[in-house]
Amino acid sequence: MNPAELSATLLAIVTGVLERRGSSEKPTIADVPLERPRNRDHGDWTSNIAMKLAKPVGANPRELAGEIAEELGKAEGVASVDVAGPGFINITLDAAAAGAIAKTIVDAGPEYGRGDLYEGVTINLEFVSANPTGPIHIGGTRWAAVGDSLARIFSAEGGIVTREYYFNDHGAQIDRFARSLLASYLGEPAPEDGYGGVYISDIAARVINDYPGDLSTIPTREEVQEVFRSVGVELMFGDIRASLHEFGVDFDVYFHENELHESGAVDRAVARLRELGHIYEADGATWLRTTSFGDDKDRVVIKSDGEAAYISGDLAYYLNKRERGFERNIILLGADHHGYVQRLMAMTAAFGDTPYVNLEIIIGQLVNLVRDGEPLRMSKRAGTVVTMEDLVEVVGVDAARYSLVRSSTDTQVDIDLDVLTKRTNDNPVFYVQYAHARTSAVARNAAASGVDRSVFDASLLTHETESILLGSLAEFPRIVRQAAELREPHRIARYAEELAGYYHRWYDACRVTPLGEEEVTDVHRTRLWLNDATGTVLRNGLALLGVGAPERM
RNA sequence: GCGCCCGUAGCUCAGCGGAUAGAGCAAUUGACUACGGAUCAAUAGGUCGGGGGUUCAAAUCCCUCCGGGCGCACCA
């Protein structure tokens with residue numbers, strides 16, 4: 001009896017009860033909540049369905065709950081059903097029914113937890129997309145961790161996911177980058193609006209080194225700058241890719257903005273919108289009437305000097321993604337870009353698509369740097385930039401990814417530089433990883449003392465810590481689904497921490513290998529299944545976060 | 001001024017209307033000649049920013065105020 005079966009049984013019973021009462025309510029599986037209660041005294045599973053239906057049906061919630069409970073009590077695998085409080089239905093499974101999940105999990109292995117929420121759906125997930133004008137800082141690192149994890153979660157739900165990086169190699173910021181490199185080469189101070197970090201001189205030196213000819217023979221300053229631009233961007237971008245790879249994040253597509261401008265894609269996108277009647281000319285510029293679709297003001301797509309405005313790249317890029325066949329296009333952006341959401345949604349509607357479905361934008365709050373409890377402003381000049389590489393160097397990839405992915409993207413996270421450099425062991429990732437390593441150790445010990453999985457008798461899993469552990473294991477698939485639906489990878493991390501805790505407590509109370517001269521019994525064998533099932537779920541969960549599951553630590 | 005996010009234990013954060021609000025860290029006290037003590041058990045710690053409202057039920061939804069972050073270009 002797994003949660004899905006129990007849900008189906010409950011739904012059937014509820015439907016039957018409603019019919020007998022002559023109600024027109026037709027609940028679906030989603031309307032019949034089944035949750036694990038916080039309090040152990042409230043059984044293995046609990047449902048508030050009676051309270052939900054009481055009003056539309058015009059019945060007393062406790063009475064309704066009683067009717068449902070009575071039938072549910074007869075179902076196979078159900079040990080007892082109680083009505084509690086205002087109308088909660090508390091369900092206790094018999095040990096064999098509850099324990100069956102352990103074998104199911106071990107048999108499914110890496111497949112356990114997968115679902116079909118996005119079966120066959122093409123999803124384009126764009127994240128990081130940092131300008132190649134410097135290394136990825138800690139903010140971008142957060143999106144790398146979150147985005148990659150989301151991609152893994154969508155894939156687990158059957159989605160066909162493309163990880164995409166929008167490579168912004170067109171426009172003024174790149175010009176500033178090129179001028180900064182040139183200034184470094186010429187020994188001039190960094191331009192007022194340029195970049196002044198140490199990496200600039202490093203890149204400049206590498207450009208000089210990589211350039212096949214002699215830079216000093218190039219006649220004009222503009223031409224030298226162009227060399228720094230093209231070679232410097234390539235080098236910077238190579239560094240970014242390398243950092244991301246080191247971090248465990250590899251993109252399927254690196255899309256160059258420049259391509260959109262040079263291929264005429266921008267012109268085509270504007271022409272398309274013009275056909276649709278959403279383009280007009282005013283003050284010498286070309287405008288998109290985004291106000292027709294909820295934006296605060298119309299947006300310039302072609303400036304009066306004839307140059308394409310930034311948003312024109314977005315128009316063409318979106319169209320390009322749609323032409324490549326992506327039903328869902330999701331973009332992760334930092335909170336400093338949340339002002340773009342409305343205009344991008346307006347754009348989506350202007351193309352005749354559905355905002356928030358075909359295009360979805362996830363706004364994540366920024367990462368705060370803190371030292372001695374004082375907020376620290378990240379500044380390239382002040383040397384307080386913490387890059388992805390810095391972070392990884394100090395805490396390692398697993399701890400870095402985990403700490404960035406374990407809190408909601410809606411909250412700003414504080415990263416304390418001192419804590420980071422001193423105490424790395426307070427990261428909960430070690431608690432989870434240790435639990436996994438422990439399952440491996442137990443399995444090794446079991447093998448050494450002759451405990452195998454030749455027998456599985458779930459009715460022997462009777463200890464309280466066992467039923468708690470089993471209940472938690474059974475929840476994993478719905479946690480994954482929820483994380484996918486809400487685009488919230490942190491739920492996986494929190495779940496893994498909880499599961500690790502249940503496992504540690506079970507380990508403390510129940511032995512898998514016999515002591516001394518004790519005989520190996522079916523209890524030991526069955527517990528080994530439970531141990532291995534826990535290892536599987538921890539491993540699968542950590543995999544969704546892109547974090548390793550070590551067998552030894 | 002307008003918009004988005006946040007305000008929960010000393011700190012960092014969970015808790016998409018449910019029962020007695022949780023975890024990690026920090027503090028105090030216990031548990032190894034028993035599968036790894038990176039663990040476990042116990043204690044302490046809270047006006048869920050304030051105030052209204054919605055309902056059987058609000059940390060959660062609505063309104064309002066306070067506080068913090070971030071945005072409001074023919075910049076990218």
Side-chain angles (χ1 to χ4, degrees), chain A residues 33 35 37-39 41-42 46 48 51-52 54-55 60-62 84-88 90 131 133 168 170-176 193 257 282-287 296-297 299-311 313 334-342 363-366 368 370 373 375 403 406-416 419 423 425-428 430-431 433-435 437-438 440-446 448-449 451 482 485-486 488 490-491 493-495 497-498 500-501 503-505 507-516 524 527-528 531 552-553:
Chain A
E35 293 173 341
R38 276 181 189 285
N39 190 331
D41 299 335
H42 298 147
T46 185
N48 59 8
M51 291 180 288
K52 287 260 195 287
K55 183 162 280 183
N60 175 306
R62 280 197 64 105
F88 291 105
N90 294 336
N131 286 345
T133 55
N168 197 317
H170 182 92
Q173 293 200 24
I174 293 292
D175 291 341
R176 285 203 277 273
D193 57 352
E257 182 189 0
D283 305 328
T286 303
W287 298 71
D296 298 333
K297 50 182 295 189
R299 304 292 169 177
V300 167
V301 293
I302 308 290
K303 295 187 272 185
S304 52
D305 64 4
E307 288 290 314
Y310 183 76
I311 193 175
D336 51 340
H337 291 83
H338 78 255
Y340 307 161
V341 175
Q342 255 190 338
I363 295 297
Q365 299 302 309
L366 306 175
N368 264 341
V370 176
S403 60
R406 79 180 283 267
S407 44
S408 160
T409 53
D410 280 343
T411 36
Q412 310 180 5
V413 293
D414 287 353
I415 299 271
D416 190 312
V419 171
R423 305 195 314 265
N425 262 34
D426 63 359
N427 190 319
F430 298 113
Y431 184 76
Q433 288 187 318
Y434 181 65
R438 186 171 252 183
S440 302
V442 168
R444 287 192 295 269
N445 293 332
S449 46
V451 178
Q482 197 176 38
E485 271 179 323
L486 300 173
E488 292 184 345
H490 76 271
R491 287 171 186 278
R494 299 296 174 155
Y495 166 79
E497 288 169 31
E498 189 182 76
Y503 175 75
H504 284 310
R505 274 157 239 155
Y507 170 91
D508 212 51
C510 300
R511 293 191 56 93
V512 171
T513 55
L515 269 178
H524 299 119
R527 281 179 178 166
L528 180 58
N531 177 77
R552 289 189 166 84
M553 291 175 71

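Residue numbering restarts at 1 for every chain, and letters A, B, ... go by the order of the sequence lines.
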Given [options], which nucleotide is nearest the side-chain atoms of [X]?
| X | options | value |
| --- | --- | --- |
| A:M51 | B:rU39, B:rA41, B:rG18 | B:rG18 |
| A:L486 | B:rC16, B:rA34, B:rC70 | B:rC16 |
| A:D508 | B:rA19, B:rA73, B:rC40 | B:rC40 |
| A:A335 | B:rA41, B:rC70, B:rU39 | B:rC70 |

Report yes if at least one side-chain N or O of [X] is closer than 4.0 Å to OP1 or OP2 of [N]; otherwise report no.
| X | N | answer |
| --- | --- | --- |
| A:Y431 | B:rG37 | no |
| A:K55 | B:rC56 | yes |
| A:Y507 | B:rG37 | yes |

Original post:
What is the distance from CZ of A:R62 to C1' of B:rA57, rounded to the nearest Å?
Top reply: 15 Å
Original post:
In whole Å, what is the span from the CG atom of A:N427 to the P atom of B:rA38?
Top reply: 17 Å
**OP:** Using the criterion of both pairing distances under 3.5 Å for Watson-Crick and G-U wobble pairs, give all stems of 3 or more consecutive pairs involving RNA chain B.
**Re:** B:1-7 with B:66-72, B:10-13 with B:22-25, B:27-31 with B:39-43, B:49-53 with B:61-65
**OP:** Could you tell me which residues satisfy ring-ring contact (aromatic ring centres under 6.0 Å, His included) with A:Y503, sequence neighbours excluded, listed by chain and number?
**Re:** A:W506
Subject >> Test ring-ring contact (aromatic ring centres under 6.0 Å, His included) applied to A:Y507 - qualifying residues, sequence neighbours left out >> reply: none
**OP:** Starting from the 5' end of RNA chain B, give me the residue, A:R176 or A:N39, whose nearest nucleotide shows up first.
**Re:** A:N39
Original post:
Can you list the residues that meet the side-chain hydrogen bond (donor to acceptor under 3.5 Å, both in side chains) rule with A:H338, with sequence neighbours excluded?
Top reply: none
Below 3.5 Å between N/O atoms, which protein atoms pair up with nucleotides 29-32 of chain B? Just atom names and distances, please.
none

Original post:
Using the P atom in both, what is the distance from B:rA59 to B:rG51, to the nearest Å?
Top reply: 12 Å
**OP:** Kindly indicate, with the supporting measurements, whether the criterion side chain to side chain donor-acceptor pair (under 3.5 Å) is fulfilled by A:H524 and A:R511.
**Re:** CA-CA 7 Å; A:H524 299 119; A:R511 293 191 56 93; over 6 Å; no
**OP:** Let me have a per-nucleotide readout for nucleotides 4-13 of chain B, 5' to 3', with B, S or -, counting only protein heavy atoms under 4.0 Å.
**Re:** BSS-----SS
**OP:** Would you classify A:D283 as touching base, sugar-phosphate or nothing, given that sugar-phosphate means primed atoms plus P, OP1 and OP2, and contacts are heavy atoms under 4.0 Å?
**Re:** base
